[in-house]
**Q** 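Can you read through this structure? Questions will come right after.
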Amino acid sequence: MKFSPLLLWIFLVSLTLRVLEITIPLNVDEVSWLSRGTLFFKNLFDGNLAETFLRHHPGVTNMWLNGSGMILNCWLDKLFPGLLNMNLSSNLNACLNTIIPWSIPINLYVIPRLLQAVITSACMVGICILAKQLLGRPAALAAISLLIVEPFFLGYQRLITTDALQADFSALALLLLLLYLRGDGDRKWLVASGVLMGLATAAKIPTLFLLPGVIIWIVLIELGIWRTSFRPRGWKRQIMDLMLWSMTLCAVIFLILPALWVAPLQTFGKLFEGLEEEADKGGLFFLGQVTDSLGLTFYPLVLAYRLSPAMQAGLLACLVLLLIPKLRRACQKIPELIALFLIPLCVLVFLSTINRKYDRYFLLAWPELALLAGVGWRTIGAWVKHWGASLQPRLQDNWVGRWRTNRGVKTGILLAFAQIVVLLPHYPYYLTYYNPLLGGSRAVQNLLMMGQGEGLDRAAHWLNQSPNAKEITAGVWYESAFAPYFQGRTVGLSKWTSANRVVFYINGIQRQKPEPSLFAYFTAQQPLYTLQLHGVDYVQVYPGSVPLPEDLKNIQVPLSLSFGKQIRLLGYDLNRSELKPGEELLVTFYWKFLEPLPPDFNIRVSLRNQDGNFQNRSDAPLLAGYLPLDQIGPGTVVRDVHKLTTVPNVLPGHYRLEVGWFSPNKGQALEARDAAGNAQGSQAVIGEVEVARRATY
């Protein structure tokens, strides 16, 4: 098979992997970048050039791409009315104003994602072409076969965030620069490298972490250490070339960021301020705890769990090639390999110096790791060839002997299939991949922070099956990645007291967000729905504080008890009717508020024995204090959960379950009355609970 048809196959395979299930999942950062792309073009059309700087990343490359995708959405809606199920204006500026940022329907993500799929797939072809010239055909095919089906890399290549374009453009830029330094091209290659590096830097500023690696290249070349591959050109020539390259990089950033045209100092000030703030942020999850500093072990652990076994095997083989003198002397590409190795090393060193660490930040060096792994697999192929030759003619006609023909293509095909075997179980949530040889997701849930939106679409689909889905309000962690899939109303978890359902996500569960007390309030309850991905609970849906009509119909113990003139108890649910000493009793009350109530009243839940003595008692405010009583309007029904823990030495027997409202500050209590108006005192008996004898062995 010729190399040119292979390029077409690489493009088509890459594109197919990126467009399958193109609307699933929705990454939480994608919502922000598609919204910023829309605002970017709005400000551009309105002439507000200074306002085209929207984020310190700065994500300019992405905003051009995503904003262009939104313009295409407007054109398509004009040419084919009803195609996008949107009533968009035919005027571009008016159309963009119709789109509400951070509340964009899921069907408007298709075109921007498709545009990025085409660009990133073309980048995969470009990387293969340049890698072939730098490292040879077998290594290039092995590398690209690994890269395009690498789960973690592919996961972010499908998302319209800054990571995909940063990694792809910077890899192309570095390969072009290496080839230029080796003498394979003229200064047009140098300028092209600078353009691509400018696009990568405009996507994400940490691309500049690669510059020390480039400087080390030039120093080693001029010292003559890499003379076998890179001929010294003289310091003056190298400095002039580096200046031209850097000026091209800066010119690209200036040309594509209109804010620099009118307010350069103000823009740079915002940029540095944002970067400083980002670097100092904490509140991350690592090694089983929430921390502000992840330390130096974070990225090595990320590489151990995020790289596929095939990538790791290839990198190990490449490392053996570099470290064993006999193998190193037999390889003609050692300078190129060391040059490539310096890139992930620089990224590792610089990323480790900042407190704000995410696994995706290392994607910047993922293509270079794939190239090194490709060389490793080429080396493995050479070992197989040597082993097969030593066994000839006995194995001449079997697979080892036949492997010698087109082994680059065959190695690439085998590696691609090996990667697909690892990839398929995670379709279409590729970011759920963690190295199965190290325990996979089950092990990682106690080590690294997980989840960027994977699975929220399924939780939304589950809620959409409700007969009154459009009337449901859901309080959600990562609400922006949930709302496009949900037919009802979505609010953040900070507004959960107005929600019918509350959706917790693995990312927030690990960090107990938005705060530990709220997390504890809900995790004591039984979720209505749990989504497991690879043995890990990614999404949990709980009943909220505003019950749905079906919730009220299914109350376990319906009642009609009045407390003063202000409150009526409609009934309650119990998580168990029998418990053992030391166990928790969870009581879910359904309160209807009739009149305003002073804000200092609490709810007392207690167990009383047959002698009339209190055995256990819980005093707590409504909804753990998250909803002030003076903010509740008449007619509001509130679902309220209280936890009562029995003491270990409580005697077995039948206990009366009682509840009342009291003010600890004023010493007052609301008088309880049953449906017939009979007084029940300040503590109403609402049921009976049995405490069983503790089992003995």
Side-chain angles (χ1 to χ4, degrees), residues 127 130-131 133-136 139-140 143 146-147 153 166-184 189-190 193-194 196-197 200-201 204 206-233 235 238-239 241-242 245-246 249 296 299-300 302-303 307 311-312 314-324 327-328 331-354 361-376 378-379:
I127 289 173
L130 298 177
Q133 190 164 343
L134 183 72
L135 302 172
L146 289 169
L147 188 61
F153 182 77
Q166 178 202 29
D168 295 349
F169 288 153
S170 64
L172 289 170
L174 292 175
L175 288 172
L176 279 170
L177 183 59
L178 266 181
L179 289 170
Y180 172 77
L181 293 173
R182 200 173 69 174
D184 290 15
W189 291 44
L190 180 67
S193 173
L196 288 165
M197 190 60 74
T201 307
K204 210 165 185 178
T207 305
L208 297 176
F209 291 161
L210 302 174
L211 297 186
V214 172
I215 294 172
I216 295 172
W217 290 356
I218 294 173
V219 171
L220 293 177
I221 289 171
E222 289 307 310
L223 292 177
I225 296 175
W226 289 349
R227 189 178 296 274
T228 56
S229 297
F230 300 91
R231 180 175 56 85
R233 303 181 178 190
W235 289 105
Q238 295 284 19
I239 292 173
D241 285 345
L242 186 60
W245 187 75
S246 302
L249 185 158
L296 299 178
Y299 283 111
V302 165
L303 293 174
L307 286 168
M311 278 273 279
Q312 291 176 335
L315 287 169
L316 181 61
C318 186
L319 189 62
V320 170
L321 173 65
L322 290 172
L323 294 179
I324 298 179
L327 297 175
R328 191 168 60 243
C331 180
Q332 299 177 350
K333 303 287 186 180
I334 293 300
E336 289 89 340
L337 295 182
I338 295 176
L340 290 173
F341 178 77
L342 286 171
I343 297 305
L345 182 62
C346 285
V347 172
L348 176 63
V349 169
F350 282 97
L351 287 181
S352 297
T353 61
I354 59 177
Y361 288 178
F362 213 93
L363 286 169
L364 174 60
W366 227 261
E368 288 76 18
L369 292 174
L371 292 172
L372 292 169
V375 173
R378 183 200 65 181
T379 304

**Q** Side-chain contact test, heavy atoms from C-beta onward, threshold under 4.5 Å: evaluate it for L147 versus P367 and give yes or no.
**A**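 The answer is yes, as the side chains (C-beta and beyond) meet within the 4.5 Å cut-off.
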**Q** Identify the two heavy atoms, one from P232 and one from I221, that lie closest to each other, and give their separation to 0.1 Å.
**A**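 Where P232 meets I221 most closely, the heavy atoms are CG-O, 3.3 Å.
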**Q** Find the distance between CG (L327) and SG (C318) and round it off to the nearest 0.5 Å.
**A**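 Interatomic distance, L327 CG to C318 SG, rounded to 0.5 Å: 11.0 Å.
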**Q** Roughly how far, to the nearest 0.5 Å, is the CG atom of L316 from the CG atom of L372?
**A**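 Output value for this atom pair is 12.5 Å.
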**Q** Measuring from atom NZ of K333 to atom OG1 of T228, what distance do you get when rounded to the nearest 0.5 angstrom?
**A**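 K333 NZ to T228 OG1: 10.0 Å, rounded to 0.5 Å.
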**Q** Any heavy-atom pair between the side chains of L369 and I343 that's under 4.5 Å?
**A**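 Not in contact.
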**Q** May I have the list of side-chain donor-acceptor pairs in residues 208-220 shorter than 3.5 Å, sequence neighbours left out?
**A**
residue, atom, partner, partner atom, Å
W217, NE1, A339, O, 3.0

**Q** Judged by atom type as modelled, is there a donor-acceptor pair below 3.5 Å linking the side chain of R182 to the main-chain atoms of L134?
**A**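 Looks like yes, one N/O pair under 3.5 Å.
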**Q** So do the side chains of F362 and L348 get within less than 4.5 Å of each other, counting heavy atoms only?
**A**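 Result yes, sub-4.5 Å side-chain heavy-atom pair found.
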**Q** Report, as yes or no, whether the 6.0 Å neighbourhood of atom CG on L323 holds more than 12 heavy atoms from other residues, nucleotides or ligands.
**A**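 Counting other residues, nucleotides and ligands, CG of L323 exceeds 12 neighbours.
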**Q** Between CG of L342 and CG of L174, what distance do you get to the nearest 0.5 Å?
**A**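 CG of L174 is found 11.0 Å from CG of L342.
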**Q** Over all heavy atoms of both residues, which pair between P344 and A365 is shortest? Give the atoms and the distance, please.
**A**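 Between these two residues, the closest heavy atoms are CA-CB, 3.7 Å.
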**Q** Evaluate the side-chain proximity of L172 to M197: yes if any heavy-atom separation is below 4.5 Å, no if none is.
**A**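 No, their side chains stay 4.5 Å or more apart.
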**Q** For the pair F230 and W226, name the ring-plane relationship: parallel under 30°, tilted 30 to 60°, perpendicular over 60°.
**A**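 Taking W226 first and then F230, their aromatic rings sit tilted (interplane angle of 30° to 60°).
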**Q** What heavy-atom pair brings S193 and A173 nearest, and what distance separates the two atoms?
**A**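 Answer, listing the atom of S193 first, then A173: OG-O, 2.6 Å.
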**Q** Rounded to the nearest 0.5 Å, how far does NZ of K204 lie from CZ of F169?
**A**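 The CZ atom of F169 sits 15.0 Å away from the NZ atom of K204.
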**Q** Run the side-chain contact (heavy atoms from CB on, under 4.5 Å) test on L178 and L340 for me, step by step, so that the C-alpha distance in whole Å, both residues' side-chain angles and the decisive distance to 0.1 Å come before the verdict.
**A** CA-CA 9 Å; L178 266 181; L340 290 173; 4.0 Å; yes
**Q** Please report the shortest heavy-atom distance between D241 and L190, naming the atom on each side.
**A**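 Between these two residues, the closest heavy atoms are O-CD2, 3.5 Å.
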**Q** Where is the tightest heavy-atom contact between Q166 and P206, given as atom of each residue plus distance?
**A**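 For Q166 versus P206, the nearest heavy atoms are NE2-C, 4.0 Å.
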**Q** For R328, does the CZ atom have more than 12 heavy-atom neighbours from other residues, nucleotides or ligands under 6.0 Å away?
**A**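 Yes, CZ of R328 has more than 12 neighbouring heavy atoms, counting only those of other groups under 6.0 Å.
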**Q** Measure across C331 and L337 and return the closest heavy-atom pair with its distance rounded to 0.1 Å.
**A**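 C331 and L337 have their closest heavy atoms at SG-CD1, 4.3 Å.
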**Q** Any side-chain heavy-atom pair from Y361 and Y299 closer than 4.5 angstrom?
**A**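 The answer is yes; the side chains approach within 4.5 Å.
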**Q** For the atom pair CG (L175) and CH2 (W189), what is the distance rounded to the nearest 0.5 Å?
**A**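 If we round to the nearest 0.5 Å, L175:CG and W189:CH2 are 10.5 Å apart.
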**Q** Just wondering, do L303 and W366 contact through their side chains at under 4.5 Å, heavy atoms?
**A**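 Sidechains of L303 and W366: in contact.
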**Q** Can you see whether E336 engages S229 through a side-chain donor-acceptor pair at a distance of less than 3.5 angstrom?
**A**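 A pair is found: one side chain offers a donor N or O, the other an acceptor, under 3.5 Å apart.
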**Q** Quick one: does E222's side chain get under 4.5 Å of R233's, heavy atoms only?
**A**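 Yes; the side chains approach each other to less than 4.5 Å.
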**Q** Quick check: does any side chain N or O of T207 sit under 3.5 Å from a backbone N or O of A200, one acting as donor and the other as acceptor?
**A**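 Yes, because the side chain of T207 sits within donor-acceptor range (under 3.5 Å) of the backbone of A200.
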**Q** Are any non-hydrogen side-chain atoms of Q133 and D184 less than 4.5 angstrom apart?
**A**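 Q133 reaches D184 side chain to side chain.
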